[in-house]
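The structure displayed is predicted, hence computed values, not measured ones. Each ligand, and each atom within it, is numbered from 1 in the order the structure gives.
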Amino acid sequence: MHLATLASLVALFSSFQLCVGYVAQSRLHDPRCTKTTVAVLGGGMAGVTAAQALSNASMNDFIIVEYRDTLGGRVWHTDFGQRPNGEPWVIEYGANWVQGLGSKHTENPVWSLAKKYQLENTFSNYDSILTYNETGYTDYSDLLDEYSAASERASERAGRILNNNIQDMTARSGLALAGWKPRRDDMAAQAVEWWNWDWEGAYTPETSSFVFGVASENLTFNQFGDKNNLVVDRRGYSAIIQGEANTFLRRNDTRLRLDTQITDIEHGPWGITVRNADGSCISAAYAICTFSLGVLQNDAVDFAPALPDWKQTAIAKFNMGTYTKIFLQFNETFWPNNTQFFLYADPTTRGYYPVFQSLSTEGFLPGSNIIFVTVVQDQAYRVERQSNEQTKAEVMQVLRAMFPHKTIPDPIAFTYPRWSTEPWAYGSYSNWPAGTSLEMHQNLRANVDRLWFAGEATSAPYFGFLHGAYYEGREAGRNVAALLRGECVSIYGVQTCGPRAHYEVLHGTTPSSAYTGSNGWPVNSTSVHA
Ligand SMILES: Cc1cc2nc3c(=O)[nH]c(=O)nc-3n(C[C@H](O)[C@H](O)[C@H](O)COP(=O)(O)OP(=O)(O)OC[C@H]3O[C@@H](n4cnc5c(N)ncnc54)[C@H](O)[C@@H]3O)c2cc1C
Ligand SMILES: *[C@@H]1O[C@H](CO)[C@@H](O)[C@H](O)[C@H]1NC(C)=O
Ligand SMILES: *[C@@H]1O[C@H](CO)[C@@H](O)[C@H](O)[C@H]1NC(C)=O
Ligand SMILES: *[C@@H]1O[C@H](CO)[C@@H](O)[C@H](O)[C@H]1NC(C)=O
Ligand SMILES: *[C@@H]1O[C@H](CO)[C@@H](O)[C@H](O)[C@H]1NC(C)=O
Ligand SMILES: *[C@@H]1O[C@H](CO)[C@@H](O)[C@H](O)[C@H]1NC(C)=O
Ligand SMILES: *[C@@H]1O[C@H](CO)[C@@H](O)[C@H](O)[C@H]1NC(C)=O
Ligand SMILES: *[C@@H]1O[C@H](CO)[C@@H](O)[C@H](O)[C@H]1NC(C)=O
């Protein structure tokens with residue numbers, strides 16, 4: 001579809017909704033509500049970056065509304081266990097890596113911030129891995145190479161599908177066509193596949209888009225390089241978000257409302273009114289909603305009027321994954337201290353406590369005797385429903401099977417978050433199911449009148465990543481600032497004016513060329529894929 005057609009479609013829509021909007025007009029004048037120009041809903045990476053973009057555009061009349069008592073959102077750390085001096089260690093419940101640092105073409109903006117704030121971080125070496133099963137150490141590392149070779153072939157096919165505008169398929173199908181066909185009872189192969197696919201996507205190959213699963217890897221790692229650095233900073237990873245907030249917020253700035261749960265969003269061509277659990281409300285000309293896809297999917301916030309069908313369809317279409325890190329501290333490091341990862345193949349259940357990660361190793365939190373294990377999807381839901389005691393017992397049984405020749409003491413500290421039921425997140429990060437298209441995704445990021453959307457999930461190239469949230473927040477902030485001035489703004493080298501396009505009718509596929517330069521899809525795909 002051409003931009004001109006899109007623009008007229010959008011114009012048609014706004015004029016239609018103008019008529020409906022009069023009903024709600026009076027709400028704008030609710031005298032109890034604080035008035036502001038832009039309400040930024042959520043104080044995670046996207047919200048803070050959106051507010052900074054507004055501030056950079058000299059649009060200083062905004063209010064950030066945040067559920068929690070701190071900024072950062074899904075970049076969330078906690079104190080854990082004890083150092084020898086009695087002080088706690090700091091661990092990350094949420095985002096932990098900077099994924100893709102930078103190449104000669106571009107730098108990951110999160111890496112730029114990590115350098116700016118001198119975040120302590122260490123190269124996470126995915127080749128530093130040992131393999132185990134229920135009998136202890138057993139070397140099935142040849143399967144890692146086998147998967148890599150198949151994955152390379154699969155990636156090329158995914159590229160052909162994307163570039164030729166062919167129907168998407170499941171990652172399971174794509175991997176099989178590339179020759180990776182693990183038997184259901186080959187638990188070592190299942191563990192290797194989990195490590196390569198589920199661990200990043202938080203979903204199985206059956207529930208993931210083949211094309212966009214591969215494209216998302218490519219767009220981040222081909223562009224920024226393939227290094228993943230793990231953040232182990234005492235201030236927490238969120239120090240970069242707090243640090244950037246401090247560049248435009250004063251101390252005790254009334255434009256930041258922490259501890260404020262939004263329950264209702266009234267929206268229309270007249271603007272936005274948000275109502276909060278504490279009875280307060282804010283009326284704004286525009287709002288940028290940065291809630292996670294999980295928050296939107298769980299009806300945690302009520303929209304009035306209900307969001308249009310195309311938007312509800314988009315919200316229902318995409319998946320919200322859960323990625324749960326379970327932390328254990330011991331009084332000693334009984335696992336090999338110079339290895340970063342330990343892959344476990346359970347004899348009966350795929351994804352049962354599959355990847356252990358040592359923090360006790362040099363460069364991380366040496367001497368901490370902390371190790372953590374990650375579960376996703378069904379295993380995450382199961383573990384998040386049960387008690388710490390039950391989970392601890394299961395993990396200990398696995399560790400004792402992996403290291404049968406060691407006498408393993410009980411942990412001295414144990415914790416994990418419950419992402420799937422956390423009321424301000426409802427999950428960890430988004431994933432694209434099979435059969436998605438860029439048009440479907442555009443409907444997730446398109447605005448509904450003056451209500452804009454930004455966040456990890458609205459990024460087409462970088463969904464699931466912290467840098468996705470950064471780019472989306474920045475773009476929404478710039479867009480709204482430009483709208484307020486009645487100007488256009490250059491985004492990814494493309495002049496962007498007014499509201500975002502959405503599609504009333506979806507087609508099964510979208511050529512990626514239709515997106516070059518818009519919706520964040522990188523302008524120069526040659527350099528991205530180089
Ligand atoms: C376990 C886990 C591991 C991850 N690992 C990595 C990683 O290693 N590398 C990486 O790049 N990315 C990782 N991510 C993804 C990354 O954390 C996210 O992409 C990013 O933080 C999302 O930012 P956001 O601003 O879009 O959303 P959020 O951070 O969710 O911000 C939205 C904000 O809205 C607030 N909010 C929600 N509901 C309401 C309400 N009703 N009223 C008021 N406020 C509300 C929330 O409290 C939150 O602060 C991980 C995420 C998780 C959970
Ligand atoms: C705002 O401007 C500062 C200073 O130039 C810059 O460092 C920052 O990246 C800008 N933020 C956004 C979101 O564009
Ligand atoms: C991913 O990158 C590989 C290697 O550069 C390329 O061959 C392939 O076409 C790309 N696939 C997609 C879907 O972007
Ligand atoms: C900010 O608020 C805190 C706590 O209410 C108060 O102690 C402090 O003096 C305030 N600082 C400024 C600069 O107003
Ligand atoms: C850790 O605790 C176990 C069980 O209490 C004990 O046997 C072991 O000696 C302790 N290890 C160290 C290094 O103190
Ligand atoms: C676990 O590894 C041992 C030793 O290599 C092997 O004998 C056993 O069959 C493996 N278990 C499974 C379920 O494959
Ligand atoms: C593990 O390595 C770290 C870093 O070199 C060191 O501080 C720690 O004492 C080691 N622990 C054991 C048990 O070897
Ligand atoms: C795209 O990137 C390639 C490789 O770096 C470069 O040769 C080419 O000039 C770039 N094209 C544009 C339009 O910037």
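F62 carries R255 over the face of its six-membered ring, with the cationic atom under 6.0 Å from the centre and within 45° of the normal. Geometrically, R445 does not engage F453 in a cation-pi contact defined by less than 6.0 Å to the ring centre and at most 45° from the axis.
Side-chain polar atoms of T324 and W419 form no donor-acceptor pair below 3.5 angstrom. The closest side-chain donor-acceptor pair between E456 and Y462, if any, does not fall under 3.5 angstrom. T361 and Q340 are not linked by any side-chain donor-acceptor pair at a separation below 3.5 angstrom, with hydrogens and angles left out of the test.
Per-residue contacts place T49 under 4.0 angstrom from the following atoms of ligand 2 (heavy atoms of the residue considered): 13 (C). Taking a cut-off of under 4.0 Å to the non-hydrogen atoms of F465, the atoms of ligand 1 that pass are 11 (O), 12 (N), 19 (O). Of all the atoms in ligand 1, the ones that sit under 4.0 Å from a non-hydrogen atom of G455 are 26 (O). Atoms of ligand 1 found under 4.0 Å from any heavy atom of A469 (numbered from 1 in listed order, with element): 22 (C), 23 (O), 24 (P), 26 (O). Within the listing of ligand 1, atoms 7 (C), 8 (O), 9 (N), 10 (C), 11 (O) sit less than 4.0 angstrom from a heavy atom of Q99. Listed by number with element, the atoms of ligand 1 under 4.0 Å from a non-hydrogen atom of Y93 are 1 (C). Those atoms of ligand 1 that come under 4.0 Å of a heavy atom in L466, given as number and element, are 10 (C), 11 (O), 12 (N), 19 (O), 20 (C), 21 (O). Within the listing of ligand 1, atoms 41 (N) sit less than 4.0 angstrom from a heavy atom of V301. Remark: ligand 1 atoms within the under-4.0 Å shell around heavy atoms of G73 are 29 (O), 48 (C), 49 (O).
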Candidate pair W76 and Y93, rule ring pair (Phe, Tyr, Trp, His ring centres under 6.0 Å), full reasoning: CA-CA 6 Å; W76 180 24; Y93 276 156; 4.9 Å; yes
So T333 and S360, side chain to side chain donor-acceptor pair (under 3.5 Å) or not? Walk me through it. CA-CA 7 Å; T333 295; S360 212; 2.8 Å; yes
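Among the atoms of R474, none of the N or O lies under 3.5 angstrom from an N or O of ligand 2. Any N or O atom pair closer than 3.5 Å counts here, and S428 shares no such pair with ligand 1. An N or O contact shorter than 3.5 Å links R74 to ligand 1 by distance. The shortest N or O to N or O distance between F291 and ligand 1 is not under 3.5 Å. In terms of polar-atom proximity, E456 is counted as a contact of ligand 1, with an N or O under 3.5 Å from an N or O of the ligand. Geometrically, ligand 1 and K325 share no nitrogen or oxygen pair separated by less than 3.5 Å. For the pair H467 and ligand 1, the shortest N or O to N or O distance does not fall below 3.5 Å. Considering backbone and side-chain N/O atoms, P423 never comes within less than 3.5 Å of an N/O atom of ligand 1. Between Y323 and ligand 1, a contact under 3.5 Å exists for no N or O pair. Backbone and side-chain nitrogen or oxygen atoms of M45 are examined, and one is located within less than 3.5 angstrom of a nitrogen or oxygen of ligand 1.
At a threshold of 4.0 Å, the pair E394-R382 counts as salt-bridged, since one of the basic side-chain nitrogens sits closer than that to a carboxylate oxygen. Taking a cutoff of 4.0 Å between a charged side-chain nitrogen and a carboxylate oxygen, K406 and E332 do not qualify as a salt bridge. Electrostatic pairing of R74 and E422 does not count as a salt bridge here, judged by no charged N lying under 4.0 Å from a carboxylate O. By the 4.0 Å N-to-carboxylate-O rule, R350 lies close enough to D198 to be salt-bridged with it.
The six-membered or imidazole ring of F414 lies away from that of F327, with a centre-to-centre distance of 6.0 Å or more. Taking the six-membered ring wherever Trp is involved, the centroid distance between the rings of F463 and W432 falls below 6.0 Å.
N337 ND2, 1.3 Å is the protein heavy atom nearest to atom 1 (C) of ligand 7. The shortest contact between atom 2 (O) of ligand 2 and any protein heavy atom is with N56 ND2, 2.3 Å.
Per-atom contact check: atom 5 (O) of ligand 7 touches the protein, criterion being a heavy-atom distance below 4.0 Å.
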